[in-house]
Q: 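Sharing a structure here in structure tokens format.
To find a chain, count down the sequence lines: A is the first, B the second, and so on, and within it residues start at 1.
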There are 2 protein chains.
Amino acid sequence: MPRSRTRRPGSNHRESPHVQVLDRALTLLETLAREENGLGLVEAANRAQLHPSTTYRLLSTLVSHGFVTHDDETGRYRIGLKAFEVGSSFRPPSELRKLAPGVLRALMSLTGETANLAILERGEVTYIDQVESPSLLGMHARIGRRVPAHCTGAGKAILSRLSEEEVDAIIAEHGLPAHTPNTITERGRLLEELKRTREQGYALDNEEIEAGVRCVAAPVLDDKGRPVAALSVTGPVTRFHDDRLPMLINAIRAAAADLSSKLGYRPS
Amino acid sequence: MPRSRTRRPGSNHRESPHVQVLDRALTLLETLAREENGLGLVEAANRAQLHPSTTYRLLSTLVSHGFVTHDDETGRYRIGLKAFEVGSSFRPPSELRKLAPGVLRALMSLTGETANLAILERGEVTYIDQVESPSLLGMHARIGRRVPAHCTGAGKAILSRLSEEEVDAIIAEHGLPAHTPNTITERGRLLEELKRTREQGYALDNEEIEAGVRCVAAPVLDDKGRPVAALSVTGPVTRFHDDRLPMLINAIRAAAADLSSKLGYRPS
DNA sequence: GACGATTGTTGCACAAAGTGAAAATAGCTG
DNA sequence: CAGCTATTTTCACTTTGTGCAACAATCGTC
């Protein structure tokens, strides 16, 4: 209820308060998280668009809490154990965390491929759990990795269960950037693809985000029929050839149906 | 309301610069991470010893970056997906991350118990990887959980390979708080236990951190002989009875020796 | 259903706290 | 060892975050 503002009407306080320093520190953290090998002080400052001096103070504070570690050998900063510790305490909504591992394990042993669980948040997909294939040539979409929705199996699987408005909102925010020649970059074609995905109950990523990598995915629905997540198996094209696709599709659909029903979804 | 002046008492020589707001925000994050079910605004403010007003602003900023989520139903704040994402990019030192999963898997299937990998940092133990037992009654020390060193198998395993000075430094910082009646709370007894641990090559946690839970662990040594981590298996006393202990001990020692040799350790 | 108690949100005056420039220091490289 | 570049420290300035207090929205209790 937007209630009477006895104050002056010209107030612009529509948005939540922003604390600048914190804003910057978080950006810095996100920047570091993107760099496997850490960053030097100035490098970090440049990428985060901050003054080296500021960066130095922020990093010092982050280090003192263990959110960042400073490698004394190389002088590089990288994400620290405390960040891992805090991040690990994230709990996905619903019962997913409890139920998914079993389903993932089953899916992996059935297909022999790395099985992933992903969720959609703020228009992008994040892998939150996985069971790795023992195969040496297994693809491993790293847990915690955030990727665009329009060019991943998991993303398309979830999008296929959203309304056109919701999909449009995501396109508006993130666009449809190309990652490989196969990436779908036009709204029309994407909607078409999502329609087919929805009808068939699975999504295919045919080297759309990375050359040489294919992926089969299906949406996981909760008791209200909302697509809360997606299951996917990922692997090299050499193992995801047309002969094997039907098997993979069956497996992923069965697994998704299983998990959905465990979440209380009842197909209407 | 005690307005906390974040002043470092004691020696303020060569101290890294502290950014107060960030300090507070990180404390807030750590506070939230400890609460499975999230916290309301004032609750969070109280636990983090901050003014509600300040807390409100900090949380708003954290939410806008996705490090914290705000449940609109309950009004509670909890750790968000971005924190998970950033935390997942943490990489333990050395080759551990790559080599551990295989060893953990082997250890788990050999023993049937949940196998963990833990490291020591700042005098405390953090579980950084695990392979869960399929057993329904499996114990699961949550990944990312930080626990004291003196009352855990993994902690004692690592401590057993440190110098007495190093152990003393840790005791000085963290003390030896009791968690169960079995916790070792005296320096002398702990050192004795560590000596035995070192000689026998494994550590036993006999319900020292939690009643009903036992654990067997062994240190993982790198090429310089430093204890970089520990492997452990954890389970309920009912399954960790005396008849089975020898088997578990053998398995954990073999696994640790295997992993150590893969890291380049050569027993002298 | 009214009352007080508790929690969440916003405005504001003030000074503490963070800022960036620039200087000092340390590390490299040719 | 001169000339870089990266890091750390110092400092004067003022932006920014602060805590208070008022306000609003909830909640529980009698």
Q: Apply ring pair (Phe, Tyr, Trp, His ring centres under 6.0 Å) to B/Tyr127 and list each qualifying residue two or more places apart in sequence or on a separate chain.
A: none
Q: Suppose the criterion is side chain to side chain donor-acceptor pair (under 3.5 Å): which pairs have a residue in residues 35-45 of chain B, not counting sequence neighbours?
A: B/Glu35-B/Arg47, B/Glu43-B/Arg76
Q: Any chance you could measure A/Phe67, atom CZ, to A/Leu58, atom CG, to the nearest 0.5 Å?
A: 14.0 Å
Q: Write out a two-atom table: protein N or O, nucleotide N or O from nucleotides 6-8 of chain C, distance below 3.5 Å.
A:
| residue | atom | partner | partner atom | Å |
| --- | --- | --- | --- | --- |
| C/dG8 | OP1 | B/Leu41 | N | 3.1 |
| C/dG8 | OP2 | B/Leu41 | N | 2.9 |
| C/dG8 | OP2 | B/Val42 | N | 2.6 |

Q: For the backbone of B/Pro177 and the side chain of B/His150, can you confirm whether one donor and one acceptor N or O come within less than 3.5 Å of each other?
A: yes
Q: Below 3.5 Å between N/O atoms, which protein atoms pair up with nucleotides 18-21 of chain C? Just atom names and distances, please.
A:
| residue | atom | partner | partner atom | Å |
| --- | --- | --- | --- | --- |
| C/dG18 | OP1 | B/Gln20 | N | 2.8 |
| C/dG18 | OP1 | B/Val21 | N | 2.8 |
| C/dG18 | OP2 | B/Gln20 | N | 3.3 |
| C/dT19 | OP1 | A/Arg24 | NH1 | 3.1 |
| C/dG20 | OP2 | A/Thr54 | OG1 | 2.4 |
| C/dG20 | N7 | A/Ser53 | OG | 3.4 |
| C/dG20 | O6 | A/Arg57 | NH1 | 3.1 |
| C/dA21 | OP2 | A/His51 | NE2 | 2.9 |
| C/dA21 | N6 | A/Ser53 | OG | 3.3 |

Q: Using distance alone, with no hydrogens and no angle criterion, decide if B/Ser53 and B/Arg57 have a side-chain donor and acceptor under 3.5 Å apart.
A: yes
Q: Can you name the residues that form a ring pair (Phe, Tyr, Trp, His ring centres under 6.0 Å) with A/His179, not counting sequence neighbours?
A: none
Q: Could you tell me how far apart A/Asp72 (CG) and D/dT7 (C1') are, to the nearest whole angstrom?
A: 13 Å
Q: Can you see which heavy atom on A/Leu41 is nearest to which on A/Leu59, and at what distance?
A: CD1-CD1, 3.8 Å
Q: Any chance you could lay out the side chain to side chain contact (heavy atoms under 4.5 Å, CB included) test for B/Phe84 and A/Ile143, step after step, and finish with the verdict?
A: CA-CA 9 Å; B/Phe84 177 78; A/Ile143 289 188; 3.5 Å; yes
Q: Check this for me: A/Glu166, atom CD, are more than 12 non-hydrogen atoms of other residues, nucleotides or ligands nearer than 6.0 Å?
A: yes
Q: What is the distance from atom CG of B/Asp23 to atom OG of A/Ser64, rounded to the nearest 0.5 Å?
A: 5.5 Å
Q: May I have the distance from A/Asp71 (atom CG) to C/dG27 (atom P), rounded to whole angstrom?
A: 15 Å
Q: Of all of residues 26-34 of chain B, which get a heavy atom below 4.0 angstrom from DNA chain D, listed by number?
A: none
